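Some notes on the structure that comes next.
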There are 2 protein chains.
Amino acid sequence: MAVDRERVLRDAAGLLMRKSGATMDEVARAAGISRATLNRQFAGRDALVRALEELGLTECESAVEKADIDDGRAADAVRRLVRELEPAAGLLAFLYSENQLFEGDGQNEGWARLDARMVALFRRGQEAGEFRIDLSPVWLSEALYGLLVSAAWTIYEGRVASRDFTSNITELLLGGAVRRTE
Amino acid sequence: MAVDRERVLRDAAGLLMRKSGATMDEVARAAGISRATLNRQFAGRDALVRALEELGLTECESAVEKADIDDGRAADAVRRLVRELEPAAGLLAFLYSENQLFEGDGQNEGWARLDARMVALFRRGQEAGEFRIDLSPVWLSEALYGLLVSAAWTIYEGRVASRDFTSNITELLLGGAVRRTE
DNA sequence: CCCATTTGAGACACTCGTGTCTCTCCTCTA
DNA sequence: TAGAGGAGAGACACGAGTGTCTCAAATGGG
């Protein structure tokens, strides 16, 4: 039977999210295949990580597409975006810790493109008067990444319910912890 | 001359924050000492990581102390806490990615104690009517960790100014991105 | 100034993960 | 049913990183 490459990648991501230094043998076992087969699919650990990076990037971009982040109110766009990003959060948490991906010449420019779109979303919100202007769009988008990772990790640890993923992130990011008095 | 153990730890943290898989040789070079001396100070990589964990924990606890998080308004306490936590943010970012620290039996219970104090702070804010109650204290404290890491990383990358560290985190965490209408 | 201590540099063996190969077994298809 | 293709299991050598040791040089105190 043919190996489901995508499935292998998802299983690998599931393991690597919580154990970023996992052995190729452990990855193979997590995916339910042998190390030999894993190596037939991905020529080495580096290729596996690159494939995971590509998968994560693709998922993020498709989430951005599906969320129509250029339409309607920026705050609603952020909510839709986070909801669409949820399935990719675990993978994102792993990639976030693979800081070696983001330094050096071979850096994937896809992240820069994605980042530009996120920044543009927050900037749009500012220009529309929805968002405050004393928090830079760059910081807001970076904070969103951080909250996605925190949320994924916290849910994995069982400290918060997975159904609260989207609301936890969006409510905190948009509304903050302080109670509204209006 | 005697090796400044604390200095070595800080240099190591500075390197490991941005390159978590750095070699012991690289760590030694970053600290300006030889690999032999590094090994004399810390018996193996594991011991080094443990020492970094201890240092990070100590710094966090001292920040919690200095911030007097049980006094005054909770929101102000959070601001003081973040300000005190700033020097430890880089180290925290490294420890955050060392997820192996937080699983298994040898887990340092100091983190649980620290976490309890953070959670208590947010709960106090809720009970005082300062914070909204639809975001759990657990999530708020976890989100704070995530924002600390994001901020440290973003500053390291030069995407935001280091002087905005505290305000970026506290304003987002407490006030959120949406502009107040009050 | 001399001696004790400590550091740096290098060599060494060892471990662990990796990449590759072979061989066998299974499954699907003609 | 026979054959082809793919997967699993295991063996193997290789490289990187590690921990340890030795020896020479430097430092600092008495």
Side-chain angles (χ1 to χ4, degrees), chain A residues 1-56 91 93-95 97-108, chain B residues 1-55 91 94-95 97-106:
Chain A
M1 62 199 163
V3 163
D4 186 345
R5 220 179 121 101
E6 173 115 355
R7 174 61 176 274
V8 171
L9 277 178
R10 298 200 178 280
D11 290 338
L15 171 63
L16 290 170
M17 180 198 94
R18 54 184 194 277
K19 191 174 181 183
S20 55
T23 299
M24 290 295 275
D25 199 81
E26 294 172 303
V27 172
R29 219 166 357 235
I33 61 177
S34 71
R35 196 163 66 91
T37 303
L38 180 61
N39 249 320
R40 286 183 192 111
Q41 296 293 325
F42 306 98
R45 185 191 191 78
D46 202 62
L48 174 65
V49 172
R50 291 293 163 179
L52 284 169
E53 183 184 19
E54 210 60 47
L55 176 64
L91 181 49
F94 164 65
L95 296 173
S97 73
E98 283 290 287
N99 38 31
Q100 110 190 46
L101 289 177
F102 304 104
E103 58 185 20
D105 304 336
Q107 163 178 171
N108 194 325
Chain B
M1 63 202 161
V3 163
D4 185 346
R5 221 179 120 100
E6 173 114 356
R7 174 59 177 273
V8 171
L9 278 178
R10 298 201 178 279
D11 290 339
L15 172 62
L16 290 171
M17 181 199 93
R18 53 183 196 276
K19 190 174 180 182
S20 54
T23 299
M24 289 297 273
D25 200 82
E26 292 173 303
V27 172
R29 218 167 356 234
I33 61 177
S34 71
R35 196 162 66 91
T37 303
L38 180 60
N39 249 321
R40 285 183 192 112
Q41 295 293 325
F42 306 98
R45 185 190 193 78
D46 203 62
L48 175 65
V49 173
R50 293 290 163 182
L52 284 169
E53 183 183 19
E54 210 59 47
L55 176 64
L91 181 50
F94 163 65
L95 296 173
S97 73
E98 283 290 287
N99 37 32
Q100 108 191 50
L101 289 177
F102 304 104
E103 58 184 22
D105 304 334

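Values below: every heavy atom of this structure, side chains too, minus hydrogens, waters and symmetry copies. As the structure is a prediction and not an experimental result, all values here were calculated from the model. Just so we're on the same page: letters track the sequence lines, and every chain starts at 1.
At least one side-chain nitrogen or oxygen of Thr37(B) sits closer than 4.0 Å to the OP1 or OP2 atom of dG8(C).
Here Arg35(A) lies in heavy-atom contact (under 4.0 Å) with a base. Counting any heavy atom pair closer than 4.0 Å across all strands shown, Arg40(B) reaches a base atom.
Rounded to whole angstrom, the span from the CG atom of Leu38(B) across to the C1' atom of dT6(C) amounts to 15 Å. One interatomic measurement links the two molecules: CG of Asn39(A) to P of dG19(C), which rounds to 5 Å at whole-angstrom precision. For the pair Met24(B) CE and dG8(C) P, the computed distance is 14 Å after rounding to whole Å. Arg5(A) has its CZ atom 15 Å from the P atom of dG6(D), to the nearest Å. Taking atom CZ on Arg45(A) and atom C1' on dG19(C), their separation rounds to 14 Å, with Å as the unit. For the pair Asp4(A) CG and dG6(D) P, the computed distance is 16 Å after rounding to whole Å. Phe42(B) has its CZ atom 12 Å from the P atom of dT7(C), to the nearest Å. Note: CG (Asp25(A)) to P (dG19(C)) measures 12 Å, nearest angstrom.
Note on Arg50(B) versus Glu53(B): salt bridge recorded, some NZ/NE/NH1/NH2 to OD/OE distance being below 4.0 Å.
A residue-by-residue look at Thr23(A) and Ala36(A) shows that Thr23(A) has its nearest nucleotide of DNA chain C further toward the 5' end. Remark on DNA chain D: of its neighbouring residues Gly32(A) and Ala22(B), the 5'-side contact belongs to Gly32(A), judged by nearest-heavy-atom nucleotide.
The two residues Met24(A) and Leu48(A) come nearest to each other via the heavy atoms SD-CD2, 4.2 Å.
We find the CZ-CG distance between Arg45(A) and Asn39(A) to be 11.5 Å, quoted to the nearest 0.5 Å.
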Give the C-alpha distance, both sets of side-chain angles, the deciding distance and a yes or no for side chain to side chain contact (heavy atoms under 4.5 Å, CB included) between Leu91(B) and Met17(B). CA-CA 6 Å; Leu91(B) 181 50; Met17(B) 181 199 93; over 6 Å; no
